[in-house]
Student: 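Can you keep this structure in mind? I'll have questions shortly.
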Amino acid sequence: MSLLIRGAHQLATPIGDSTRRGGDFGRLAIAPRAVIRCEGTDVVFVGDAAEQELKFPPPQQILDAAGGCVIPAFVDPHTHPVWAGSREQEFNRRLAGESYMEIARSGGGINATVQATRAASFETLLDGTLTRLDTFLEHGTTTVEAKSGYGLDLATEVKMLEVIAAAQRAHPVDLHPTCLAAHEVPIEHRDDPERWVNALVEEIHPSIARRGLAEAVDVFCEDGVFDIEQTRRLLADAEAFGWRIHLHADELTPLGGTELAVEFKALSADHLMCITDRGIAALAESETIGVLLPGTSFFLRSDYAPARKMVEAGCAVALATDCNPGSSPTESMPTILALATLEMGLTIEEALTAATLNAAAAIGRASELGSIEEGKRADLAILSGASYHHLVYHYGVNPIRHVVKSGKVVVKDGIRVSR
Ligand code: NIG
Ligand code: FE
């Protein structure tokens with residue numbers, strides 16, 4: 001199948017097959033009126049319309065960008081998209097001044113979603129996940145890292161990861177499953193959290209690895225959840241399982257999770273609202289990517305990660321939604337870009353790179369995804385607006401008009417074509 005995208009006012013993309021940082025971070029290639037030709041799943045031509053016509057036969061399908069701007073589809077490298085129930089009742093409690101952790105300790109928070117997720121059938125969970133994936137896609141995201149972590153027992157963690165596998169078979173969005181069984185200490189282990197750490201290390205992680213249900217592992221390294229030593233123990237086997245590492249690090253307290261992620265050569269250290277100067281220095285020296293989640297700061301009304309300082313120090317930075325029912329219930333990367341620019345001080349160009357090429361690098365896929373270049377996968381989003389600035393300028397609404405995934409039009413005029 002060949003597809004030609006023409007009629008764009010502009011194409012804007014980062015360039016390369018690895019993380020952009022330093023002076024390269026905000027450097028986009030901007031091609032006025034470029035056309036893009038896709039063959040099968042890949043991009044085979046980007047450039048001048050007349051040259052395309054000379055080089056190739058007429059395409060089987062044409063997508064008219066109608067004066068819009070073409071960008072790489074978003075990669076969302078940190079989400080918790082499988083859950084049952086909802087926690088909207090926590091919203092007013094937080095507005096009235098209760099903190100996220102206070103709510104968690106009084107029966108709300110992660111454990112509330114754990115109860116609902118344990119009780120939910122496979123079909124209910126799959127249904128909810130597919131609905132969320134539709135929303136991701138409609139907002140221009142075609143690749144999503146997906147964590148378990150609302151089971152906190154073997155059966156439900158497996159159920160969640162099997163839901164992710166089933167969603168992958170049923171939906172065009174690509175999923176990268178991460179085992180986050182170490183998301184919290186479940187209520188039945190509160191009297192002795194070390195017993196839960198032992199269960200994770202001895203039974204749950206090995207058994208999920210044997211089933212081949214995850215490609216990475218994550219731990220919520222946080223005061224009152226898993227401390228640095230417990231996290232170190234939880235990550236120690238990851239390599240032997242062939243798992244890459246993501247880490248919820250320095251989110252609510254400066255525990256030093258960033259330095260630990262660097263020590264383990266993690267793909268990413270995520271959240272980082274409380275990253276220390278030492279953490280920034282360690283990250284800047286490493287290949288580990290700092291995944292920033294400004295939606296969580298916005299939604300919890302807490303501090304934002306020091307994005308500008310990290311970028312100036314030479315850290316590689318990506319952006320993600322953290323989509324989850326408690327601290328960031330959104331699938332919208334354009335919203336995240338608006339927050340990253342207006343609240344964290346990234347430029348639009350940096351934010352776009354952080355949400356595409358660097359986000360692809362944060363899940364180990366920068367050689368295939370995250371930019372519009374010949375040989376890369378044809379995952380693209382087309383804005384209604386004429387330039388990439390409309391991504392954040394036209395805030396609070398969905399700026400995405402069409403989405404192409406692996407060379408197929410999957411969203412047309414804002415409407416999902418089919419699953
Ligand atoms: O990334 N930090 C821990 N986990 C999630 C929140 C999960 C929840 O509240 O349900 C997060 O913010
Ligand atoms: Fe998270």
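All ligand and atom numbering here is 1-based and tracks the order in the structure.
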Student: Under a 3.5 Å distance rule, please check whether Asp76 uses its side chain to pair with a backbone N or O of Thr321 as donor and acceptor.
Tutor: yes
Student: What's the shortest heavy-atom distance between Lys376 and Ser371, and which atoms?
Tutor: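 So the two residues come closest at NZ-OG, 3.0 Å.
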Student: At less than 4.0 angstrom from any non-hydrogen atom of Ile110, what atoms of ligand 1 do you find?
Tutor: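 Heavy-atom distances to Ile110 below 4.0 Å select 7 (C), 8 (C), 9 (O), 10 (O).
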Student: Considering only heavy atoms from C-beta outward, does the side chain of Phe241 approach that of Val217 to under 4.5 Å?
Tutor: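 Contact flag for Phe241/Val217 side chains = no.
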Student: For Ser148 and Leu180, indicate whether the former's side chain and the latter's backbone hold a donor-acceptor pair under 3.5 Å.
Tutor: yes
Student: Between His205 and Val201, is there a donor-acceptor pair closer than 3.5 Å when you use the side chain of the first and the backbone of the second?
Tutor: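 No: the side chain of His205 does not pair with the backbone of Val201.
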Student: Note the single closest protein heavy atom to atom 4 (N) of ligand 1, along with its residue, its atom name and the distance in Å.
Tutor: His183 NE2, 2.7 Å
Student: So for Trp83, does at least one of its heavy atoms come nearer than 4.0 angstrom to any atom of ligand 1?
Tutor: no
Student: Relative to ligand 1, is Glu222 under 4.0 angstrom through side chain, backbone, both or neither, heavy atoms considered?
Tutor: neither
Student: Just to confirm my numbers, could you give the angle made at the Fe ion (ligand 2) by NE2 of His80 and NE2 of His78, rounded to 10°?
Tutor: 100°
Student: By number and element, which atoms of ligand 1 are closer than 4.0 Å to a non-hydrogen atom of Arg87?
Tutor: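 Here the atoms of ligand 1 in question are 8 (C), 9 (O), 10 (O).
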Student: Among all protein non-hydrogen atoms, which one is nearest to atom 8 (C) of ligand 1, and what is the separation to 0.1 Å?
Tutor: Tyr100 OH, 3.2 Å
Student: Would the distance check show the side chain of Asn111 and the main-chain N or O of Val114 forming a donor-acceptor pair, the cut-off being under 3.5 Å?
Tutor: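 Judged by distance alone, no pair lies under 3.5 Å.
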Student: N/O/S of Asp218 less than 2.8 Å from the Fe ion (ligand 2)?
Tutor: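 Of the N, O and S atoms in Asp218, none lies under 2.8 Å from the Fe ion (ligand 2), which means no.
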Student: Measure the distance from atom 11 (C) of ligand 1 to every protein heavy atom, then report the residue, atom name and distance (to 0.1 Å) of the closest one.
Tutor: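 Ranked first by proximity to atom 11 (C) of ligand 1 is Asp322 OD2, 3.2 Å.
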Student: Heavy atom of Glu184 under 4.0 Å from ligand 1?
Tutor: no
Student: Assess whether a salt bridge exists between Asp174 and Lys405, defined as any Lys/Arg side-chain N lying under 4.0 Å from an Asp/Glu carboxylate O.
Tutor: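 Yes, this pair counts.
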Student: Has the side chain of Thr129 got a donor or acceptor atom that lies under 3.5 Å from a matching backbone atom of Leu125?
Tutor: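 Checked: pair present.
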Student: Tell me, which protein residue and heavy-atom name are nearest atom 2 (N) of ligand 1, and how many Å apart are they?
Tutor: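 Protein heavy atom at minimum distance: Glu251 OE1, 2.7 Å.
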Student: Please identify which atoms of ligand 1 are closer than 4.0 Å to at least one heavy atom of His80.
Tutor: 1 (O), 4 (N), 5 (C), 11 (C)
Student: Please report the shortest heavy-atom distance between Ala214 and Trp243, naming the atom on each side.
Tutor: O-NE1, 3.2 Å
Student: Of all the non-hydrogen atoms in the protein, which one sits nearest to atom 7 (C) of ligand 1, and at what distance?
Tutor: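 For atom 7 (C) of ligand 1, the nearest protein heavy atom is Tyr150 OH, 3.2 Å.
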Student: Does Arg27 make a cation-pi contact with Phe25 (under 6.0 Å, within 45 degrees of the axis)?
Tutor: no
Student: Within the structure, is a non-hydrogen atom of Thr113 found at a distance of less than 4.0 Å from ligand 1?
Tutor: no
Student: For Ser327, is at least one N or O under 3.5 Å away from an N or O on ligand 1?
Tutor: yes
